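These numbers come from a predicted model, not from an experiment.
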Amino acid sequence: MLSVFILAPFAGSLIATFFPSDQRGATAWFAGAIALVCFLLSAGLYPFVATGNVLRLELAWVPELGLSFTLRMDGFAWLFSALITAIGVLVVLYARYYMAEEDPVPRFFALFLAFMGSMLGIVLSGNLILLAVFWEMTSIVSFLLIGYWHHNAHARDGARIALTITGMGGLAMLVGLVIIGRIVGSYDLDAVLASGDAIRNHPLYGTVLILILLGALTKSAQFPFHFWLPHAMAAPTPVSAYLHSATMVKAGVFLLARLWPVMAGTEAWFWIVGLAGLATLVLGAYFAIFQQDLKGLLAYSTISHLGLITVLLSLGSPLAAVAAVFHIVNHATFKASLFMAAGIIDHESGTRDMRRLSGLFHYMPITATLAMVASAAMAGVPLLNGFLSKEMFFAEAIETHLVNALDTATPYVSTIASMFAVTYSLRFIHSAFFGPPPTDLPKKPHEPPRWMRAPVDFLVLACLVVGIIPAQTIGPFLHTAVVSILRDDTPQYSLAVWHGFNVPLIMSFVALSGGVGLYFMMRSYLATGIEGPPVFRLLQGKRIFERVLVTLSWKWARSLEQGLGTRHLQPQMRLLVFIALAAGALPLVIGGFHLPPLVIRGIDPAFALLWAIGIGCAVGSAYQAKFHRLASLVLLGGAGLVTCITFVWLSAPDLAVTQLLVEIVTTVLILLGLRWLPKRIEEPRAAEDITIKTRLRRLRDFLLATAAGGAMMLIAYTMMTRPLPDTIADYFLARAYREGGGTNVVNVILVDFRGFDTLGEIAVLCIVALTVFALLLRFRPQADSLEAPEQQRLQNAFDDDHPERTAGDSVAEYLFVPSVIMRWMFPVTGMLAAYLFLRGHDLPGGGFAAGIALSIGFILQYMSGGTRWVEERLRIHPLRWMSIGLLVATATGVGSWLFGYPFLTSRAEYATLPVIGKVPLASAILFDLGVFSLVLGATVLMLIALAHQSVRAPRAFARAARTEKEAAR
Amino acid sequence: MRTWFPYPLLSTGLFLMWLLLNQSVAPGSILLGIVVSTGLAWVALKLQPRRSHLGRWWRLPGFGLAVVADIARSNLAVALIILRARRRPSRAGFMTVDLDLEDENALALLACIVTATPGTACLEFDRRSKVLLLHVLDIENEELWRRTVKHYEAELKEIFQ
Amino acid sequence: MMGLAIVWSVLLAQIMIALAMAFALYRIARGPRAQDRILGLDTLYINGMLMLLTYGIRTANTLYFESALIVAVIGFASTVAFAKFLMRGEVIE
Amino acid sequence: MSTAGSSPVTDWLDHLIILPILVPLAVAAMLIPINERERMLKGAIGFASTLVVFVVAVILMRFAAAGPDSLPGTGVYQLGNWPAPFGIVLVLDRLSALMLCLASGLALAAQVYSMARWHTAGHHFHSLFQLLVAGLNGAFLTGDLFNLFVFFEMMLAASYGLLLHGSGPVRVKAGLHYIAVNLAASALFLIGVSLIYGATGTLNMADLATKIAGLAPDSRRLVESGAAVLGVAFLVKAGMWPLSFWLPTAYAAATPPVAAVFAVLTKVGIYVIIRLHLLLFGAAAGTSSGFGQDWLIVGGMLTIAFGGIGVLASQAMGRLAGYSVLVSSGTLLAALGLGHQAMLAGALFYLVSSTLTIAAFFLLIELVERGRDAGADVLAVTMEAYGDFDEDEKEEEVGAAIPGTMAILGLCFCLSAVLLSGLPPLSGFIAKFALLRGLFAMPGSDLATAMSAADWTYVALLILSGLSAMIAMNRIGIRTFWASIEGTIPRVVVIEITPVVVLLAACIFLSLEAGPAMRYMQATADDLFQPIVHSERVLSAPRAGGR
Amino acid sequence: MSHLTDLPPWAAIAVCGLMLLGAAITLVGSLGLLRLPSFYERLHAPTMATSGGTIVICLASMLCFAVLQSRWIVHELLIIFFVTVTTPVTLMLLGQAALYRDRFEDRKDVPRKPRPAPDEGAL
Amino acid sequence: MELILSAGIGALTASGVYLLLRPRTYQVIIGLSLISYAVNLFIFGMGRLRVNAPPVLEPGGIGDLARYTDPVPQALVLTAIVIGFAMTALFLVVLLASRGFTGTDHVDGREQPSD
Ligand code: NA
Ligand code: NA
């Protein structure tokens with residue numbers, strides 16, 4: 001049953017979005033029907049609730065987190081849901097007439113229904129987290145509702161402020177609720193409500209209180225978070241009417257009331273809630289006086305009235321709680337009707353500005369009368385509902401709850417606030433309906449359509465009826481609600497209009513007469529038409545908020561982002577090196593690691609000399625990398641060679657072979673790339689030209705590099721001098737031949753034991769080749785490297801200058817003898833590749849080495865003959881080779897499935913062939929063949945793609961020249 | 001035969017290389033060697049290297065030995081030059097030799113031999129005028145060098161007929 | 001005695017080759033021109049190959065032969081690339 | 001436990017575990033030689049492959065959900081039929097199955113999206129994409145430290161390629177930084193792995209877990225040092241401050257489908273940290289237990305802060321999304337560092353939710369911005385300016401604008417905003433709630449003293465980061481959808497918007513089915529806190545046949 | 001596994017002698033790189049290593065393994081052959097490149113194109 | 001042996017790291033290459049240093065760590081070499097593309113006021 005309250009609005013919302021946008025009536029009827037159904041349902045549930053029963057619905061959502069979809073209707077929730085749905089029906093009816101033809105109504109009603117659903121969700125939640133869910137949903141949906149007319153900048157700002165403030169509060173509240181859940185051990189509302197003492201006595205009570213209050217006070221626009229509410233006025237008036245009366249802002253006080261039994265009654269509660277409430281009560285009322293916008297006035301009045309409710313709740317006395325609940329209802333009725341009235345004025349006259357409005361009584365007497373009654377209720381005039389709750393408030397205000405200054409001040413402050421309320425109520429009525437006939441209204445005012453006024457009629461009637469015979473009308477409902485909050489603490493109270501001459505009555509009288517007097521005293525000031533109250537006008541909440549938001553979320557954030565981050569590479573690298581260094585060193589330093597002793601003995605002088613050369617190469621390469629790229633590359637090659645020799649020296653022939661081959665290809669690649677990096681002009685290296693800053697930076701980098709190098713040296717030395725632990729290597733050494741079928745253990749590891757690594761590794765090569773290829777297809781060299789290199793231009797010029805020579809003779813001559821040899825070397829490299837490939841399983845070599853070796857054969861041909869020459873003769877399909885390679889390697893692995901073994905299980909068989917004898921047929925060889933094919937393809941592809949740029953560049957150069965010529969013309 | 005063995009010399013060379021690499025004359029090894037070297041010769045065909053005919057291949061070993069002897073001599077001579085480099089003024093210089101060798105492979109081999117021999121280095125060969133530019137460490141023996149080169153050329157002409 | 005002599009002479013040979021490599025490095029580092037550096041690298045490679053051969057002899061192990069062979073057969077490729085770069089400004093035209 | 005030696009050969013179902021790696025790998029290989037003009041064919045094949053991977057991942061997750069023993073081959077796949085710790089093994093458990101599902105789901109969405117136009121921006125998109133998927137899946141599945149390196153490199157290499165896909169100065173500049181930093185990080189990865197091998201003699205993660213406690217103190221220090229270096233490499237990938245400055249730029253520069261998949265790339269770093277941290281330095285690791293946690297907390301929180309600030313400071317949606325990635329990473333890292341077992345389940349839920357959201361958002365951005373200023377079609381500019389060399393054919397594949405485009409885009413944006421800010425009722429909220437709950441649900445009755453300053457800071461950051469996302473999304477959303485008076489309606493094709501909708505729908509589904517999802521995450525977290533059980537499963541898995 | 005010390009004395013002496021000789025040749029050649037004054041002269045230096053040094057050391061290697069493993073292992077011949085064939089390629093290319101550079105920089109001590117042309121004489 | 005090799009690794013690392021921190025793309029690629037050597041040697045060293053014990057078994061033989069060096073790091077280095085090679089190629093092309101698009105070889109794609 002309860003689920004209808006949630007399901008119907010949300011489903012309706014969803015359906016409403018699909019209404020055509022010109023179907024204003026139909027959409028409104030639909031939305032109204034939904035609201036009505038909900039209202040009728042709550043009406044129907046009353047008898048059940050009235051007997052003190054609690055209606056529950058529990059659906060599992062995330063039981064692991066204690067979050068269940070629990071709906072729970074007690075009297076208080078019932079009162080709220082009745083209010084929400086009832087006013088919802090009226091607002092829909094009103095909106096049907098209010099919304100203009102061109103407004104996309106389906107969106108409006110969809111959002112409206114969603115909002116109603118969220119609000120119902122809040123009041124019906126039986127689980128704290130579910131409450132938070134609906135809580136934030138009202139923030140989100142209200143954001144969309146306030147920003148409904150998003151072409152209007154005010155609407156956008158208003159929506160944003162509302163969401164930011166209430167959303168923030170909601171997030172804080174969530175934390176508070178989670179902590180409550182932790183204290184109680186459950187998020188279930190019943191459980192929570194039963195654990196008041198545990199919560200109040202918990203050391204974290206203060207924290208929880210502040211967090212929860214952040215949510216509640218922001219939502220109900222309490223000082224100092226009040227300023228979002230007036231800006232929410234930019235919403236369509238039906239929305240304002242709804243948000244300000246029964247929903248949104250009421251959610252805050254609803255929560256305060258809901259948690260009142262478990263949170264209230266402490267000093268902290270009294271002070272925080274009371275201070276916020278009193279400040280809001282007075283300031284809201286005071287500000288309301290000085291508004292020029294009808295809706296603005298009402299908005300501040302709402303703030304003030306919510307302050308009143310908050311003060312009531314802060315007092316911690318059950319009677320005050322009753323008053324609070326009562327005022328919630330009363331405020332909803334008169335405020336909704338007032339907003340609607342203001343909307344009617346706006347709708348029919350075209351403005352809400354009190355400076356332009358005047359004497360409307362003449363044009364819309366019924367509306368004016370209704371508005372007057374509602375205003376009177378707002379002002380707390382006797383025989384209207386507002387009076388009753390205010391009297392109760394006064395009565396509570398003079399009671400002493402706690403002995404302190406705040407408590408003492410409460411009666412005076414409330415009287416002053418009530419006085420202000422009278423003033424602004426009077427102002428609302430007087431400036432709009434009385435005075436001289438209006439002069440510059442955009443429209444000629446008249447009474448609204450009959451049904452547009454009907455909701456106002458109804459609500460004003462309610463104000464009157466409740467005001468006159470409260471006990472017979474609202475009484476039982478109120479009692480039901482109050483009992484559900486206060487339970488056994490429910491006090492005796494009477495809802496009579498007349499309680500005799502007592503202090504509250506005097507206070508009311510003072511407020512009424514004072515308010516009227518104040519209004520007439522201030523008329524001249526108000527007539528100046530200045531928006532906003534004196535002095536405080538300068539302190540606009542919105543502007544402060546905007547300033548703060550811009551400063552925090554924009555200026556500071558941007559400077560912080562720039563300060564804490566960087567878009568340069570060098571600092572990032574520096575940080576990375578530094579952090580890595582620290583990360584590696586800290587465990588050793590903190591752990592008190594013992595460094596091994598330094599052993600100088602047994603140093604091979606040849607090896608030492610070799611590494612002296614290697615170190616020289618490395619340092620030289622670093623030194624030359626800026627201005628002598630070629631020299632740096634040469635030195636890098638030297639370091640590579642020393643590395644290769646080291647591998648041989650230290651029993652790793654496979655590594656040496658591979659490193660050597662890779663070395664060669666890398667060198668050629670980088671040289672191919674150097675073509676596109678014009679020579680760096682040597683900068684003047686005079687000492688004065690290098691700034692101190694640069695020097696310091698270099699010194700810092702040098703120190704960091706030295707530290708990194710030193711650390712690597714230390715850790716390498718440490719590791720290498722430690723005894724080898726039990727390693728998995730023994731397993732490989734023992735099984736490489738017997739089970740892997742090869743004597744070269746490294747190769748067996750690569751193609752069998754850890755063949756999967758190799759598969760991944762060739763995939764990496766494949767990816768890189770494809771990337772290089774794709775990127776180079778889009779390569780656009782810098783203009784200064786488009787031209788042929790200087791050498792070629794000179795040589796071509798030379799050839800051109802000599803009649804007996806043709807262009808290209810120079811290079812042909814240059815390469816004449818070498819190319820003969822290089823051509824013959826092609827089959828030789830092929831032979832070498834075949835040899836490396838076939839012996840790989842038993843001796844150093846393998847598919848990878850073979851592939852690289854053969855690709856070097858191709859490079860030689862390209863170097864000697866040029867791209868065109870080679871490609872006219874050899875059909876090279878590196879992409880296909882790569883594809884085949886990867887497929888063969890994968891398929892070999894999959895092949896073992898046929899024999900019922902996992903991927904890559906190798907099979908080694910010996911086939912006996914005539915003449916030849918036993919031939920090893922290991923699947924690993926097939927796998928290696930795939931490796932070979934892929935490596936060959938990938939390497940050749942990268943080299944060719946890079947080499948092709950030289951063929952493309954002249955074309956591009958010609959085109960660039962052409963464009964330039966055209967531009968010149 | 002040509003279709004199967006487009007470059008018999010190359011195939012033979014490759015086959016020999018195969019045997020040397022594998023250190024094996026087992027039937028399987030030989031068969032594989034034949035297959036690989038033949039296949040590679042086919043690939044080489046695509047690049048169309050100029051064919052040469054080894055007319056008198058039997059003169060090759062003798063020629064090789066002579067070259068090795070020259071190399072040994074040159075090594076000694078160059079070593080002396082290097083060791084005395086600081087004490088004696090440089091006598092290095094460029095010289096040219098006119099050649100009339102037609103076969104491009106023979107020419108390449110000649111250039112190789114000359115360059116491989118310490119003390120002489122081919123720098124440039126003008127195909128139109130058939131002039132070989134050399135750099136020699138010891139220009140005082142220019143005539144000797146020229147004679148040596150011409151001698152090699154003559155030998156190679158004999159072999160590549 | 002004999003063994004010691006062998007060890008020492010092998011070591012001496014290796015030191016000599018390493019020294020030769022150092023000379024090559026000197027040329028690489030000093031230049032003065034690019035061709036000198038490349039020549040130095042070529043020499044370094046050849047010397048390195050000889051070092052590998054002597055290491056093979058020293059350990060009496062043929063497993064290191066292939067590394068030397070690779071330098072001999074295709075080690076010249078990078079030098080060719082350097083030389084071509086010097087001459088033509090690009091390696092492959 | 002498993003019935004050792006009972007099956008002489010493997011069951012066909014056993015090979016299911018490796019399919020998420022092999023299928024994309026083989027398909028990528030097949031796609032390479034296909035002519036680039038046949039892009040739709042390539043796309044279709046790629047789609048089929050990704051779909052297969054996704055389906056397999058879902059099946060595997062269903063198996064995993066029932067517990068490791070019900071997995072094919074008890075979830076351990078011995079490559080080459082070599083047992084752990086000697087050979088490489090793939091290990092499927094709840095966590096890896098979850099990550100597989102997440103990654104392949106995202107990949108599927110991105111794949112579909114790319115086929116509208118982005119795959120024409122350069123060559124070999126689909127091959128690279130498949131290889132990325134293979135790399136990702138491999139990283140999730142492998143149980144071997146060095147094999148993890150290989151798959152990391154595979155994934156990274158493909159990500160380099162895909163980031164550069166379409167070329168252009170912005171991508172290349174961003175790519176240069178991305179690649180440079182990650183190459184340096186890869187070097188660290190190698191150093192770390194080799195240190196660990198040098199100290200323990202094994203590369204298998206499960207084996208390591210059993211060995212750590214028994215190591216001599218000095219060896220253990222060395223392992224810690226190696227793990228720390230390794231951790232730095234992972235943290236670079238995970239995007240921890242201050243190692244992550246490259247990330248927003250790179251992610252913003254990538255083409256939308258690529259950026260969407262990148263959303264899961266950082267999560268690989270997170271995944272590995274979760275995996276290794278709990279495996280190597282869990283309760284069983286003796287004095288090494290909990291190694292590095294403090295740094296994770298500090299780094300993670302700083303990352304949240306920095307990410308949140310970046311989110312606020314972002315003017316462009318692309319960077320905002322990039323910074324959201326950082327927030328997400330930071331949240332997870334700090335959650336792991338805080339080390340509350342109850343939080344881990346929430347963290348995993350958060351991981352899934354935030355990844356899906358960010359991916360959807362990355363896909364959405366371009367669609368939204370496409371409409372904002374006509375003519376700023378990024379692709380068109382790229383094609384025009386740099387594609388002139390070889391790219392003559394450019395088929396106009398963008399169809400007519402579908403009706404209600406703006407509404408759908410707006411709704412999607414709203415959902416993304418809600419999800420990113422962690423607002424109810426969607427999964428972003430549930431995730432944050434789960435994290436909070438986990439944080440507060442620590443053992444010990446005295447909540448007030450049990451909560452450390454770090455815990456409170458984390459709470460604050462969790463809330464503030466949500467707030468910053470809310471403010472920033474709000475600002476950008478208002479500017480994009482509300483303030484532009486005559487924004488042309490973007491021309492969006494169905495296959496572009498569908499993936500966005502599906503990803504967001506997945507989040508909604510996750511919100512609705514949060515119960516079962518949390519149950520799965522809880523079980524995953526429980527598994528992770530029992531490293532020895534995991535190790536035993538991996539190390540005692542039977543080999544196929546009598547080998 | 002065999003060791004160098006397993007060699008019979010005569011072979012050991014021969015191997016060591018050859019090796020030292022080869023190393024010495026190589027060293028002297030590389031010394032040329034250090035001492036010779038011009039690039040073209042230095043161009044000759046490495047040929048000592050590629051010819052003399054390589055041949056002698058390969059001989060040592062062949063002898064060593066032939067004796068140790070009692071069979072003729074002559075694959076060092078391949079090294080000799082390929083070094084002889086490939087080193088000239090690099091040297092010629094390098095020398096010629098240097099020549100071109102020097103010519104374009106109008107160095108006096110470098111021969112012009114050997115073919116008479118209107119603006120330059122032979123040599 | 002260990003001392004010399006670790007000194008070499010240290011020097012390679014230091015040079016590489018220094019270059020990694022430099023502003024020119026070419027410096028960075030050379031730096032990465034040097035680091036890659038260092039890292040490869042480092043991984044290799046984790047199998048401890050052994051002279052003349054290559055992990056190549058005699059036919060039919062069963063090896064053990066007493067006679068042969070640890071083959072595992074060697075296999076790892078092989079993989080690392082290949083991947084390093086691929087990454088160098090990739091980085092090279094990216095730096096070329098960056099130079100082409102931005103007109104500068106600065107790592108940030110734009111000249112910075114100093115350095
Ligand atoms: Na010579
Ligand atoms: Na790498």
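Scanning all heavy atoms of the two residues, the minimum distance from A/Ala618 to F/Leu12 falls at CB-CD2, 3.6 Å. The nearest pair of heavy atoms linking F/Leu96 to A/Phe779 is O-CE1, 3.4 Å. Heavy-atom minimum distance, A/Leu669 versus F/Phe85: CD1-CE1, 3.8 Å. Residues F/Met46 and A/Leu724 approach most closely at O-CD1, 3.9 Å, considering heavy atoms. Minimum heavy-atom separation, F/Leu19 to A/Ser621: CD1-O, 4.4 Å. Smallest separation of non-hydrogen atoms from A/Val746 and F/Pro55: CG2-CG, 3.6 Å.
For F/Leu92, the part sitting under 4.5 Å from any heavy atom of chain A is the side chain, from C-beta outward, and nothing else. Within the 4.5 angstrom heavy-atom criterion, atoms from both the backbone and the side chain of F/Tyr18 approach chain A. Using a 4.5 Å cut-off between heavy atoms, A/Glu663 touches chain F through its side chain atoms alone. A/Val577 touches chain F through its side chain: at least one heavy atom from C-beta onward sits under 4.5 Å away, while N, CA, C and O do not. A/Pro723 touches chain F through its backbone: at least one of N, CA, C or O sits under 4.5 Å from a heavy atom, while the side chain does not. For a residue to count as touching a neighbouring chain, one of its non-hydrogen atoms must lie under 4.5 Å from one of that chain's; by this rule A/Leu633 touches chain F with backbone and side chain alike. With a threshold of 4.5 angstrom between heavy atoms, A/Ile852 approaches chain F through side-chain atoms but not through N, CA, C or O. Interface remark: A/Ile767 contributes no atoms to any contact with chain F (heavy atom separation under 4.5 Å). With a threshold of 4.5 angstrom between heavy atoms, A/Tyr717 approaches chain F through its backbone and through its side chain. At a 4.5 Å heavy-atom cutoff, the contact between A/Ile749 and chain F is made by side-chain atoms alone. A/Arg735 does not touch chain F: none of its heavy atoms, backbone or side chain, sits under 4.5 Å away. With a threshold of 4.5 angstrom between heavy atoms, A/Met942 approaches chain F through side-chain atoms but not through N, CA, C or O. Heavy-atom distances place the side chain of A/Phe732, and not its backbone, under 4.5 Å from chain F. Only the side chain of A/Leu946 comes within contact range of chain F, with heavy atoms under 4.5 Å apart.
Looking only at side-chain heavy atoms (C-beta outward), A/Tyr737 and F/Glu58 stay at 4.5 Å or farther from each other. Residues A/Leu733 and F/Pro71 are in side-chain contact: their nearest non-hydrogen atoms beyond the backbone lie under 4.5 Å apart. A 4.5 Å side-chain heavy-atom check between A/Met720 and F/Met1 finds every atom pair outside the cut-off. No side-chain heavy atom of F/Asn40 sits under 4.5 Å from any side-chain heavy atom of A/Leu655. Between A/Arg754 and F/Leu76, the closest side-chain pair of non-hydrogen atoms falls below 4.5 Å. Annotation: side chain of F/Leu57 is not in contact with side chain of A/Asn744 (no heavy-atom distance under 4.5 Å). Counting only heavy atoms from C-beta outward, the side chains of A/Leu598 and F/Leu3 approach each other to under 4.5 Å. Considering only heavy atoms from C-beta on, F/Arg22 stays 4.5 Å or farther from A/Met573 through its side chain.
When each of A/Ala652, A/Ala711, A/Gly602 is checked for heavy-atom pairs under 4.5 Å with chain F, A/Ala652 comes out on top. Of the listed residues A/Val599, A/Ile670, A/Val642, the one with more heavy-atom pairs under 4.5 angstrom with chain F than any other is A/Ile670. The candidate from A/Leu672, A/Thr743, A/Thr658 with the greatest count of non-hydrogen atom pairs under 4.5 Å with chain F is A/Thr743. Ranking A/Val745, A/Leu576, A/Thr718 against chain F, the residue ahead of the rest is A/Val745, based on heavy-atom pairs under 4.5 Å. Options A/Thr666, A/Thr771, A/Leu775 differ in how many heavy-atom pairs under 4.5 Å they form with chain F, and the most are formed by A/Leu775. Comparing A/Gly709, A/Ala736, A/Ser651 by how many heavy-atom pairs each has under 4.5 Å with chain F, the most go to A/Ser651. Note on F/Thr69, F/Asp64, F/Ile9: by heavy-atom pairs under 4.5 Å with chain A, the leading option is F/Asp64. Among F/Leu95, F/Leu20, F/Ile81, the residue making the largest number of heavy-atom pairs under 4.5 Å with chain A is F/Ile81.
Counting only distance, with no hydrogens or angles, the side chain of F/Tyr26 and the backbone of A/Arg629 share a donor-acceptor pair below 3.5 Å.
In this structure, the separation between CH2 on A/Trp649 and CD1 on F/Ile4 is 9.5 Å, given to the nearest 0.5 Å.
For A/Lys626 and F/Asp105, the salt-bridge test fails: no basic side-chain N is under 4.0 Å from an acidic carboxylate O.
Defined by atom type and a distance below 3.5 Å, a donor-acceptor pair is present between the side-chain atoms of A/Glu761 and F/Thr79.
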